[in-house]
Amino acid sequence: MTTTNPYYARIWHTVLQIPAGKVASYGQIADLAGLPGRARLVGKALGYAPKELAVPWHRVLRSDRSLAFPTGSDSAKCQRQLLQDEGVLLKNNRVRKDDLWQPDLAELLFKLKY
DNA sequence: TTTTTGACTTGGT
DNA sequence: AACCAAGCCAAAA
């Protein structure tokens with residue numbers, strides 16, 4: 001089942017490392033999760049993420065720092081709201097460069113326990 | 001097994 | 001900066 005898929009688990013745990021108030025791109029998450037070239041799989045994994053894990057899916061956006069959902073859609077509005085609650089404001093559907101997550105690799109690898 | 005489908009990315013205009 | 005075409009790759013059909 002999807003909730004036990006090892007690819008998905010890796011993705012969820014990686015997304016869990018994004019601190020509040022910061023954002024990362026799908027491709028970045030894929031890379032950090034050890035799944036280069038699988039940005040699209042990240043989106044799918046987030047859609048299947050069990051809510052008990054409380055995966056901060058809203059902190060993941062496209063490489064150009066825009067939301068992945070159509071502007072005005074319910075999901076987009078929800079994501080926007082969640083981000084603003086964390087202090088991440090969107091200018092014209094884009095977040096500021098300062099809000100990009102720049103993880104410390106050593107620390108990240110330690111937390112993910114590869 | 002083959003084709004289609006994306007919560008994507010990149011490079012060229 | 002905005003748009004488009006190709007490339008991408010696991011999943012679902």
Side-chain angles (χ1 to χ4, degrees):
Chain A
M1 187 27 184
T2 62
T3 60
T4 60
N5 183 310
Y7 280 6
Y8 292 174
R10 283 292 277 279
I11 292 169
W12 296 331
H13 288 289
T14 302
V15 173
L16 250 350
Q17 307 307 315
I18 306 174
K22 291 290 175 180
V23 301
S25 77
Y26 293 91
Q28 183 182 2
I29 293 303
D31 288 346
L32 294 174
L35 302 167
R38 267 148 284 193
R40 303 185 104 127
L41 190 61
V42 173
K44 188 167 295 189
L46 290 177
Y48 290 142
K51 63 173 181 287
E52 52 268 32
L53 269 187
V55 176
W57 60 272
H58 56 283
R59 296 183 199 148
V60 184
L61 15 134
R62 293 206 270 240
S63 61
D64 65 356
R65 311 201 307 283
S66 66
L67 302 192
F69 297 103
T71 313
S73 67
D74 288 349
S75 296
K77 284 190 280 189
C78 178
Q79 181 171 23
R80 233 190 124 115
Q81 183 61 62
L82 288 167
L83 286 172
Q84 290 190 11
D85 288 348
E86 296 184 343
V88 178
L89 6 167
L90 291 84
K91 307 228 153 183
N92 227 3
N93 212 43
R94 295 282 186 82
V95 306
R96 298 171 314 188
K97 297 173 220 160
D98 322 354
D99 292 322
L100 290 174
W101 180 42
Q102 291 170 15
D104 175 75
L105 269 273
E107 181 185 342
L108 180 66
L109 293 177
F110 175 74
K111 287 185 179 171
L112 292 178
K113 282 288 195 236
Y114 286 123

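Remember, predicted model here, so these are calculated numbers, not experimental data. Chain naming here is simple, since letters A, B, ... match the order of the sequence lines and numbering starts at 1 in each.
With sequence neighbours left out, A:R94 forms a side-chain hydrogen bond (donor to acceptor under 3.5 Å, both in side chains) with no residue at all. Partners of A:K111 by side-chain hydrogen bond (donor to acceptor under 3.5 Å, both in side chains), not counting sequence neighbours, listed by chain and number: A:E107. Under the rule for a salt bridge (charged side-chain N to carboxylate O under 4.0 Å, His left out), A:E52 has no partner lying at least two apart in sequence or in another chain. Annotation: side-chain hydrogen bond (donor to acceptor under 3.5 Å, both in side chains) contacts of A:D98 (sequence neighbours excluded): none. Among residues two or more places apart in sequence or in another chain, the side-chain hydrogen bond (donor to acceptor under 3.5 Å, both in side chains) test is passed with A:D85 by A:Q81.
Of the residues in residues 18-26 of chain A, those lying under 4.0 Å from DNA chain B by heavy-atom distance are A:S25, A:Y26. Against DNA chain B, the stretch residues 51-62 of chain A makes heavy-atom approaches under 4.0 Å through A:W57, A:R62. A heavy atom closer than 4.0 Å to some atom of DNA chain B occurs in A:A68, A:F69, these being the qualifying members of residues 66-83 of chain A.
The aromatic rings of A:Y48 and A:Y8 sit tilted relative to each other, their planes meeting at an angle between 30° and 60°.
Between the CG atom of A:L109 and the CD atom of A:Q17 there is a distance of 10.5 Å, given to the nearest 0.5 Å. In this structure, CD on A:E86 lies 10.0 Å from CD1 on A:I18, to the nearest 0.5 angstrom.
The two residues A:G72 and A:A76 make their nearest non-hydrogen contact at N-CB, 4.2 Å. The heavy-atom pair separating A:L16 from A:P56 by the smallest distance is CD1-CD, 3.5 Å. Residue A:R96 comes nearest to A:R65 through the heavy atom pair C-NE, 4.0 Å, listed as atom of the first residue, atom of the second, then distance.
Between A:R40 atom CZ and C:dC8 atom P the separation is 12 Å, expressed in whole Å. In this structure, CG of A:L46 is placed 17 Å from P of C:dA10, rounded to the nearest angstrom. What separates NZ of A:K97 from C1' of C:dA1 is a distance of 13 Å, to the nearest Å. In this structure, the OH atom of A:Y7 is 11 Å from the P atom of C:dC9, given to the nearest Å.
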side-chain contact (heavy atoms from CB on, under 4.5 Å) between A:W57 and A:Q79, intermediate numbers included = CA-CA 8 Å; A:W57 60 272; A:Q79 181 171 23; 3.9 Å; yes

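Within the 4.5 Å cutoff, the side chain of A:I11 has no heavy atoms near those of the A:V55 side chain. Looking at A:K22 and A:R59, their side chains never come closer than 4.5 Å, going by heavy atoms from C-beta outward.
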I'd like a table of donor-acceptor pairs (distance under 3.5 Å, sequence neighbours excluded) in which one partner is a side-chain atom from residues 32-47 of chain A, with atom names and distances.
unit_1: A:R38; atom_1: NE; unit_2: A:P36; atom_2: O; d: 3.3
unit_1: A:R38; atom_1: NH2; unit_2: A:P36; atom_2: O; d: 3.1

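A:V95 belongs to a hydrophobic cluster with A:V23, A:L61, A:L67, A:L83, A:V88, A:L90, A:L100, counting contacts under 4.5 Å between side-chain heavy atoms of Ile, Leu, Val, Met, Phe, Trp and Tyr, direct or through other members.
Taking a pair as Watson-Crick or G-U with both hydrogen-bonding distances under 3.5 Å, the stems of three or more pairs touching DNA chain B are B:2-6 with C:9-13, B:8-13 with C:2-7.
Each of A:Q28 and A:L41 was matched to the nucleotide of DNA chain B holding its nearest heavy atom; the match closer to the 5' end belongs to A:L41.
Protein chain A touches strand DNA chain B; the 5'-most and 3'-most nucleotides with an atom under 4.0 angstrom of its non-hydrogen atoms are B:dG6 to B:dT10.
The shortest distance between the side-chain N/O atoms of A:R38 and the OP1/OP2 oxygens of C:dA10 is below 4.0 Å.
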